[in-house]
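Below: one structure, written as structure tokens.
All values below were derived from every heavy atom in this structure, side-chain atoms included, with hydrogens, water molecules and symmetry-related copies excluded. Residue numbers run from 1 in the order of the sequence given.
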Amino acid sequence: MTIVRDVRWFKGVVIFPLAAWCALPGNFAFWPLLFICLLPLFLWLSEAGDGKAAFLRGWLAGVVLYSLQLYWIVSVLTTFGGLPFIVSVLALLLLVCYMSVYLGLFSFCFSRFKDTMPVPLSLVGVPAAWVGLDWLRSWFLGGFPWMDFGYGLWSVPEALQTADLFGHHVLTFMIVLVNLVIYISVGRRFSGLQKIISAGVLVILLSGGLLYSRSRWTEVAQRVDNAAAAQIGIVQGNIEQVKKWSPEERLKTVESYLELSGSLVAGEKKPDLLVWPETALPFYPRGNELLRPISSFLRQSAVTLLTGAPWYEVVDWEKRLFSYYNGAFMFSGLGVPGDSYFKSHLVPYGEYVPLKKYMPFLAPLVEAAGDFTPGIVGTPLAAGPVRAGVLICYESIFADIGRRWVENGANLLVNLTNDAWYGKSSAPYQSWAMTVLRAVETRRSLVRSANTGISGIIDPLGRVQSRSELFVTWAETVSVPLMAGKTHYVSRGFLFAPVCAAVGFLLCIGAHVMDQRRKKWYRDAWFR
């Protein structure tokens with residue numbers, strides 16, 4: 001009996017997390033596993049006695065899964081945050097325990113559906129509950145939508161095309177649905193009719209998605225071919241993070257970027273716009289003498305530059321109060337700064353520290369992080385025909401920021417980032433994978449310039465046109481189509497996820513009420 005029990009736990013706490021980890025980007029990235037990786041979890045949850053037991057099982061499975069996914073946080077906090085190793089590990093465990101709550105809540109919902117809900121409603125309720133909790137995690141407490149299951153398909157552009165309807169969440173919905181139908185098909189407790197119904201629903205939805213994807217692929221491909229294009233030079237400086245901010249290295253950093261940019265300007269395809277990474281200028285550009293060689297280069301080359309740089313505004317000079325920003329600036333061919341954008345979604349414990357008054361042990365991290373002020377998504381940054389919506393750093397994992405840029409008129413998305421923090425871990429690959437979906441959802445080309453990689457260009461179909469490797473210097477000029485119009489996702493489809501949250505919640509409540517009534521009926525029947 002003990003052996004059987006151990007095997008059951010092994011199924012949920014080991015097989016499911018390992019399968020999901022191997023399926024998602026960053027390690028093995030074997031995406032076909034996405035369509036069966038949830039089966040061990042479903043089988044394990046089906047053996048849970050009640051909702052509380054299911055929640056605990058889901059939470060434990062989440063602890064293992066998110067520990068595998070987010071292990072790199074320890075290195076970031078120790079190397080760049082200045083925290084002791086043990087404190088960094090505790091911080092990771094705190095985040096992992098929090099993330100696992102969502103899987104625990106899903107598991108509770110699953111336990112309610114499997115006991116009382118008719119199969120047709122479960123086919124809606126189970127995927128809707130998963131997507132709804134993903135959406136909740138994307139904004140609650142600042143949000144951390146890292147590695148939703150839909151991102152696992154990033155390397156298969158043909159499978160991404162429905163994302164322009166409902167965002168990457170519709171891909172997650174279908175992945176969970178496929179796993180659920182397989183679970184029903186192998187379950188002894190389900191009748192033949194139930195298995196046929198579930199398989200039929202899946203075939204209809206997959207067929208509809210396939211037909212839409214094929215027609216949409218042809219249509220968008222024609223638009224891409226006929227769209228006006230801009231020549232954009234992407235530069236990856238590969239500046240070591242530990243040297244980047246030292247005063248004696250700042251001039252070398254500027255010279256390195258100018259040298260790489262000069263090779264592009266002198267090439268066969270002269271860029272209309274140069275793109276440098278997040279904080280490529282490791283200084284405040286307000287009146288700084290290090291701007292002189294940059295302005296001189298831009299005037300001589302008659303090229304526009306979009307670059308990341310820190311910024312500050314004086315709040316009260318007498319009290320020495322300032323607002324600090326993580327910014328992006330458009331410098332014209334005359335070397336004059338023009339449009340700018342200040343990062344609107346800051347990194348918790350990286351650019352600001354939530355609840356720092358109540359967690360004094362994070363004092364070293366507070367000093368390293370600073371205290372930035374968020375900006376707002378406004379008018380796209382203009383450079384000739386380009387209207388750039390800028391995503392700074394991990395803003396690229398928030399689908400709604402890219403959507404708002406396009407809603408405001410952006411015909412190109414540009415991600416400026418510095419992934420040197422992650423080192424040679426799985427995180428840069430995960431970040432890149434999530435960025436790909438922003439292009440498909442909005443049908444915009446996306447240019448990505450990262451300090452140490454991955455840099456590249458993704459077209460509106462989600463195809464990677466060019467990309468760099470990690471920790472190398474790299475520069476390339478690419479012809480980038482500038483698209484117009486708004487996808488259904490940009491206009492209304494972004495509501496799919498919150499609707500899933502509402503549907504999943506209501507069905508879960510309904511299932512719970514039905515279960516309580518069923519138990520009451522059995523109790524009453526026993527006493528009768």
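When the side chain to side chain donor-acceptor pair (under 3.5 Å) test is applied to Asp339, no partner is found at least two apart in sequence or on another chain. For the ring-ring contact (aromatic ring centres under 6.0 Å, His included) test, residues two or more places apart in sequence or in another chain that qualify with Phe144 are Trp146. Annotation: side chain to side chain donor-acceptor pair (under 3.5 Å) contacts of Thr379 (sequence neighbours excluded): none. For the ring-ring contact (aromatic ring centres under 6.0 Å, His included) test, residues two or more places apart in sequence or in another chain that qualify with Trp139 are Trp135. Residues that satisfy the ring-ring contact (aromatic ring centres under 6.0 Å, His included) test with His168, not counting sequence neighbours, are Tyr151. With sequence neighbours excluded, the residues that form a ring-ring contact (aromatic ring centres under 6.0 Å, His included) with Phe166 are His488, Phe496.
In this structure the side chain of Tyr212 reaches within 4.5 angstrom of the side chain of Thr162, judged on heavy atoms. Val377 places a side-chain heavy atom less than 4.5 Å from the side chain of Asn408. Inter-residue side-chain proximity for Val235 and Val275 is flagged as unmet; no heavy-atom pair is nearer than 4.5 Å. For the pair Gln161/Leu461, a side-chain contact is recorded, criterion being any heavy-atom separation below 4.5 Å from C-beta on. For the pair Tyr257 and Thr473, the minimum side-chain heavy-atom distance is 4.5 Å or more.
No donor-acceptor pair under 3.5 Å is formed between the side chain of Ser455 and the backbone N or O of Asn451.
Residue pairs that meet the salt bridge (Lys or Arg N to Asp or Glu O under 4.0 Å) test with at least one member in residues 464-474, sequence neighbours left out, do not exist here. Applying the ring pair (Phe, Tyr, Trp, His ring centres under 6.0 Å) definition to pairs two or more places apart or across chains, none involves residues 443-485. For residues 443-460, the set of pairs meeting the salt bridge (Lys or Arg N to Asp or Glu O under 4.0 Å) definition, not counting sequence neighbours, comprises Asp164-Arg443, Asp419-Arg448, Asp459-Arg463. Among residue pairs with one or both ends in residues 389-426, those qualifying as ring pair (Phe, Tyr, Trp, His ring centres under 6.0 Å) are Trp72-Tyr422, Phe80-Trp421, Tyr341-Trp405, His345-Tyr394, His345-Phe398, Tyr394-Phe398; sequence neighbours excluded. A salt bridge (Lys or Arg N to Asp or Glu O under 4.0 Å) check over residues 123-145, counting only residues at least two apart or in different chains, returns the pairs Asp134-Arg137, Arg137-Asp148. Among residue pairs with one or both ends in residues 66-77, none qualify as salt bridge (Lys or Arg N to Asp or Glu O under 4.0 Å); sequence neighbours excluded.
Between the side chains of Thr477 and Gln231, no donor-acceptor pair of N or O atoms lies under 3.5 Å.
Aromatic rings of Tyr71 and Tyr66 (six-membered ring for Trp) have centroids beyond the 6.0 Å cut-off, not under it. Taking the six-membered ring for Trp and the full ring otherwise, Phe110 and Phe42 have centroids separated by under 6.0 Å. Taking the centre of each ring, Trp21 and Phe28 come in below the 6.0 Å mark.
Under the 30°/60° scheme for interplanar angles, the aromatic rings of Phe494 and Tyr489 are found to stand perpendicular.
Closest heavy-atom contact between Ile401 and Ser344: CD1-OG, 4.3 Å. The minimum heavy-atom distance between Gly389 and Pro380, with the atom names listed, is N-CB, 4.5 Å.
Looking at Asn418, Thr79, Thr452 one by one, the single match for side-chain hydrogen bond (donor to acceptor under 3.5 Å, both in side chains) with Gln241 turns out to be Asn418.
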request  = Test Trp130 against Phe149 for ring pair (Phe, Tyr, Trp, His ring centres under 6.0 Å), laying out the working first.
outcome  = CA-CA 10 Å; Trp130 187 289; Phe149 271 33; 5.2 Å; yes
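Ile376 CD1: 12 or fewer foreign heavy atoms inside a 6.0 Å radius.
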